[in-house]
Amino acid sequence: MTDLQGSCAPRFDAAREALQRNIDSGEDLGASLVLDVDGERVVDLWGGFRDEARTVPWDEHTITNVWSTTKTVTSLAALVLVDRGELDVHAPVARYWPEFAAGGKEDVLVRHLLAHTSGVSGLEQPAAVEDLYDWDAVTARYAEQAPWWEPGSASGYHATNFGHLVGELVRRITGRTLKRFVADEIAGPLGADFGIGASEADGDRIAPVVPPPPPAGLPEPGSVAARTFSGPAMDAAYANTAGWRRADLGGLNGHGNARSVARILSVVARGGEVDGVRLLRPQTIDLIFDEQARGVDLVLGIPLRWGIGFALPEPSTCRGSPTSGSASGAAGAAP
Amino acid sequence: MIIMDLGRRMTLSYMMNRMAPGIIGSERSAAYVRAIYDAVA
């Protein structure tokens with residue numbers, strides 16, 4: 001048993017109690033939970049343990065691998081370039097990355113990458129997790145591939161390669177790696193304790209991930225889902241290795257906590273500017289709500305709705321949040 | 001999990017180290033989202 005640390009406005013006691021219950025029961029090992037309302041952190045809680053032996057507490061500065069939440073920061077990076085007029089979401093990917101036109105992909109658009117509709121949702125075989133660490137080699141392979149379905153016609157979650165595809169656009173335009181761009185242009189200016197990958201100096205702050213039980217069923221052999229989930233097959237234990245932490249995996253290996261991730265993405269919720277740091281103009285934020293795909297995702301097999309860079313409210317993506325009549329415009333995001 | 005609710009200028013974030021089955025959220029994240037929205041509704 002351990003009490004949560006941090007602060008919580010009384011009206012959110014039910015959320016605090018739910019987190020406390022899950023930590024007490026062991027459902028959650030260590031965790032952080034933040035609610036930012038227009039710059040005020042009305043919930044800012046953390047607790048539990050970093051390790052399965054329950055010897056090292058999860059503290060205020062603990063960070064962990066945040067998996068697909070990383071994709072939302074990668075999308076923000078792309079939108080920053082859109083906002084500066086350096087990237088056009090309606091342009092062909094090949095305008096910025098000529099090699100990507102190979103394999104019949106000359107008409108794949110930037111917005112297709114940002115909405116998981118490009119047809120390149122994984123790596124052709126042979127594929128190993130370590131292949132994702134070699135940026136130049138793996139992006140060259142994605143550029144060569146033929147799409148696995150008609151680009152733009154449906155979404156198929158770009159589970160492991162979203163960061164490479166979007167990140168290569170960032171690299172071609174800015175000359176900087178995605179992780180460098182995020183550090184220089186997003187996390188740094190906002191003072192957010194977040195990075196793509198993690199440095200060795202951060203090693204003793206990281207809560208290792210505890211992998212989930214294996215999935216119940218396997219997708220139909222040969223399907224887009226099967227090809228994606230085997231291109232490469234992901235074992236969550238990789239996240240606890242040095243090679244993973246060194247890599248630039250903009251779809252998978254962001255390291256941070258609830259506070260730093262909320263700080264970064266509050267830019268979207270708060271009209272593009274946080275504490276004098278403006279990353280997006282309102283018209284750039286409007287692009288997020290330009291629906292690109294709606295239907296059963298070819299990889300995840302559940303109904304999803306994608307805007308440009310982010311998932312839009314659907315019962316399956318924003319479980320527990322209001323999704324009907326969303327004039328409020330919730331940009332749910334983090335598959 | 002990260003949710004941005006532009007209408008409420010609200011950002012909700014949950015980061016943890018014990019992964020649940022599935023790729024999109026979990027019972028845990030759903031419970032926290034529900035509790036938060038019950039309080040702001």
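The basis for the numbers below is simple: all heavy atoms, side chains too, and nothing from hydrogens, waters or symmetry mates. The structure displayed is predicted, hence computed values, not measured ones.
To the nearest 0.5 Å, atom OG of residue B:Ser26 and atom CG of residue A:Asp28 are 7.5 Å apart. For the atom pair CD1 (B:Ile3) and OG1 (A:Thr72), the distance works out to 11.5 Å, reported to the nearest 0.5 Å. Here the OG1-OH distance, from A:Thr69 to B:Tyr14, works out to 11.0 Å after rounding to the nearest 0.5 Å. Between the CG atom of B:Asn17 and the CG atom of A:Asp51 there is a distance of 9.0 Å, given to the nearest 0.5 Å. Summarising the geometry, atom CG belonging to A:Leu265 is positioned 4.5 Å from atom CD1 belonging to B:Ile2; distances are rounded to the nearest 0.5 Å.
Each of A:Val43, A:Val37, A:Leu33 was scored for a side chain to side chain contact (heavy atoms under 4.5 Å, CB included) with B:Leu12, with one residue passing: A:Leu33. The one candidate from B:Arg9, B:Arg8, B:Met10 that meets the side chain to side chain contact (heavy atoms under 4.5 Å, CB included) condition with A:Asp38 is B:Arg9.
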Take B:Tyr32 and A:Leu45 through the test side chain to side chain contact (heavy atoms under 4.5 Å, CB included) and record every step on the way to the result.
-> CA-CA 12 Å; B:Tyr32 306 145; A:Leu45 295 169; over 6 Å; no
Walk me through it: do A:Phe12 and B:Val40 pass the test side chain to side chain contact (heavy atoms under 4.5 Å, CB included)?
-> CA-CA 9 Å; A:Phe12 298 108; B:Val40 297; 3.7 Å; yes
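There is no contact between A:Pro214 and chain B, counting heavy-atom distances below 4.5 Å. Only the side chain of A:Thr64 comes within contact range of chain B, with heavy atoms under 4.5 Å apart. Only the side chain of A:Glu52 comes within contact range of chain B, with at least one heavy atom under 4.5 Å from a heavy atom of that chain.
Here the closest non-hydrogen pair linking A:Ala14 and B:Ala35 is C-CB, 4.0 Å. The shortest non-hydrogen separation linking A:Ala236 to B:Met19 is CB-SD, 3.6 Å. Heavy atoms only, all atoms of each residue included: B:Pro21 and A:Pro212 are closest at N-CB, 4.0 Å. The two atoms that bring B:Met4 and A:Phe310 nearest to each other are CE-CE2, 3.5 Å, heavy atoms only. Contact between B:Arg18 and A:Glu27 at its shortest, heavy atoms only, is CD-O, 3.3 Å. Nearest heavy-atom pair, A:Trp58 versus B:Met16, reported as atom, atom and distance to 0.1 Å: CH2-CA, 4.0 Å.
The candidate from A:Gly26, A:Gly30, A:Ala9 with the greatest count of non-hydrogen atom pairs under 4.5 Å with chain B is A:Gly30. Put simply, of A:Arg270, A:Arg21, A:Arg11, the one with the most heavy-atom pairs under 4.5 Å next to chain B is A:Arg270. In terms of heavy-atom pairs under 4.5 angstrom with chain B, the leader among A:Leu29, A:Thr62, A:Asp13, A:Ile63 is A:Leu29. Your options are A:Asn257, A:Val261, A:Val210, and the one with the most heavy-atom pairs under 4.5 Å with chain B is A:Val210.
A distance-only check finds no donor-acceptor pair linking the side chain of B:Asp38 to the backbone of A:Ala15 [under 3.5 Å]. When atom types are taken as modelled, the side chain of B:Ser13 and the backbone of A:Val34 share no donor-acceptor pair closer than 3.5 angstrom.
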